[in-house]
2 protein chains.
Amino acid sequence: MITELFLEGRLRQALSEAEKQVLEDAVGRCVILPAREVLIRKGELAERSTYLVEGYMLRYIDGIDGDRQIVCVHVPGDFVDLHGFAMKRLDHDVCALGEAKIAYVPHKALSDIMRNEPHLARILWFSTLLDAAMHREWIFRLGRLSAKERLAHFICELHTRMAFVGLVENNILRVPLTQQDLADICGISPIHINRVAAELREAEIATLARPMLHIHDLQALKDMCQFDGSYLYGEGRLHVDSELRLK
Amino acid sequence: MITELFLEGRLRQALSEAEKQVLEDAVGRCVILPAREVLIRKGELAERSTYLVEGYMLRYIDGIDGDRQIVCVHVPGDFVDLHGFAMKRLDHDVCALGEAKIAYVPHKALSDIMRNEPHLARILWFSTLLDAAMHREWIFRLGRLSAKERLAHFICELHTRMAFVGLVENNILRVPLTQQDLADICGISPIHINRVAAELREAEIATLARPMLHIHDLQALKDMCQFDGSYLYGEGRLHVDSELRLK
DNA sequence: CGGAGCCTTGATGTCAGTCAATTTATGTGG
DNA sequence: CCACATAAATTGACTGACATCAAGGCTCCG
């Protein structure tokens, strides 16, 4: 199943087998997107959404002076632009980080789900709100944390999300983000990213050696940036709303 | 109609009269919330959502050292915690700014809408994604703008949103945010907010004189922070998806 | 009239940006 | 397999925007 990673570790277990099949059928066949390829540009009308199977994708807003702010990083199992279904046009660009394997979902299929599968629809809604929850935490990160804390916080988030979909082994992840990318995520200069990354390395907390990320001391990493992963809704299984299926 | 401001200036005109009535019926009677009263705390299970009729409400994340980051400001016509319907518990606190008039919507009523009114459901989904779009712009603001630009950018956003719901007259708005609040929004210290606010005043661009905000030169304000309000989807009327109503 | 909360202003310190140069990977074609 | 070109990472020196500390002045309300 292509969609087996969707909300894995989160609400996926709230889906019935029939719903999983509906979702799987809604997704087309896989396509490979070359590294750094732009999938959608701000303002374009969208008639399909994109499900990420392998690799990373980035959402970003470009400023007028060429300064870029990455607003979301997507990992396998994420819908990259499901919000495009309800919004019709995006307010930002989306691109692949490295090479990415994706599958498209026609909005027609999503309309059918809205009409016939209210419970599944609510789960899809939830998944877009998970992005919003991450956005909020990013706002906190940028507004209230120091440069070193921001980087640590981002690494914690990435680790948690990748662990959900089984892509962390021995606290090692494949993360092909450049220091420039990390700068665009953390809202600091690439030179300073280099310095704080060096500090983390020297403190034997985490080592960024593209394309691999080694986390040596996860607890220390979390402690230094007051990371509380509850916004990722990892224990969502406790809060499944079955009401929509009862009737 | 209590809900007449909902998505006013945005997708409201996409709703049929029948749908407007369904929405209106879903909303209970109005309640007054005292200034600074906390409506919901992080982690609480939600069984209803809140529609804001009058006043302002704030969503914020508190750090460990008492440092607060406001992640969203709500104006009349907004659902404050509609995402609580799909998420069941919130990842942040919500409070009133000044006195606020609100109305509750039981999640039971929202479930009914999900089941019976797919088009209206999609519009509700859209409204939560509008919050996400604002979150993204806030990320850009915090990550890439200077202190003065951040304040200008926030003022532009507030102006645009308040104008949608008819609460701006002669470029004057009622905004009872303190400088501390503005600091918690812009991710800078209250002292520095005072300084950049003074700069805007002296440049005759905008004057913050709580509880009123006067914008003297809107164009200059927008120019100085590269404000592009398209993320607020003000011309959403162009992109209405009627497919869900056709069948 | 007194106090609390908010706003204002000045002095000083620091975190992170910018500029500039070097080293290390990555990749391409001969 | 090596030479070269390009992108990425690293390091140091200098600068500046904003934080912090500290003190004083409003303004509203009981």
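Remember, predicted model here, so these are calculated numbers, not experimental data.
- The nearest whole Å value for the distance from the CG atom in A/Leu182 to the C1' atom in D/dA9 is 12 Å.
- Nucleic acid contact for A/Arg150: none, since no nucleic acid atom lies under 4.0 Å from a heavy atom of the residue.
- Ring pair B/His214/B/His216 is tilted by interplanar angle, where 30° to 60° counts as tilted.
- Contacts of A/Arg195 with the nucleic acid, taken as non-hydrogen atoms under 4.0 Å apart, include base atoms.
- Between A/Arg210 and C/dT24 there is no side-chain N or O to OP1 or OP2 distance below 4.0 Å.
- A donor-acceptor pair is defined here as one N or O able to donate and one able to accept, closer than 3.5 Å; such a pair exists between the side chain of A/Asp181 and the backbone of A/Thr178.
- The pair A/Lys88-A/Glu47 does not count as a salt bridge, with every side-chain nitrogen at least 4.0 angstrom from each carboxylate oxygen.
- Using a 4.0 Å heavy-atom distance criterion, A/Thr178 is classed as a sugar-phosphate-only contact.
- Side-chain proximity of B/Ile191 to C/dG17, D/dT20, D/dA9: nearest is D/dT20.
- Listed pair A/Gln180 / D/dA8 fails the phosphate criterion, with no side-chain N or O lying under 4.0 Å from OP1 or OP2.
- Taking atom CG of B/Asp181 as the reference point, atom P of C/dG5 lies 15 Å away to the nearest angstrom.
- Judged by closest nucleotide on DNA chain C, B/Gln179 is the one of B/Gln179 and A/Pro190 placed further toward the 5' end.
- Atom CG of A/Leu145 and atom C1' of C/dA16 are 15 Å apart (whole Å).
- Salt-bridge formation is detected for the pair B/Lys42/A/Asp228: a Lys NZ or Arg NE/NH1/NH2 atom is positioned less than 4.0 Å from an Asp or Glu carboxylate oxygen.
- A salt bridge links B/Asp91 with A/Arg136: the closest approach of a Lys/Arg side-chain nitrogen to an acidic carboxylate oxygen falls below 4.0 angstrom.
- Across the interface with DNA chain D, nearest-nucleotide mapping of A/Arg144 and A/Glu202 shows A/Glu202 to be the residue nearer the 5′ end.
- The side chain of B/Asn194 contributes no N or O atom lying less than 4.0 Å from OP1 or OP2 of C/dC7.
- Between A/Arg201 atom CZ and C/dT24 atom C1' there is a gap of 13 Å when expressed in whole angstrom units.
- Straight-line distance from the CD1 atom of B/Ile188 to the C1' atom of C/dC15: 16 Å, rounded to whole Å.
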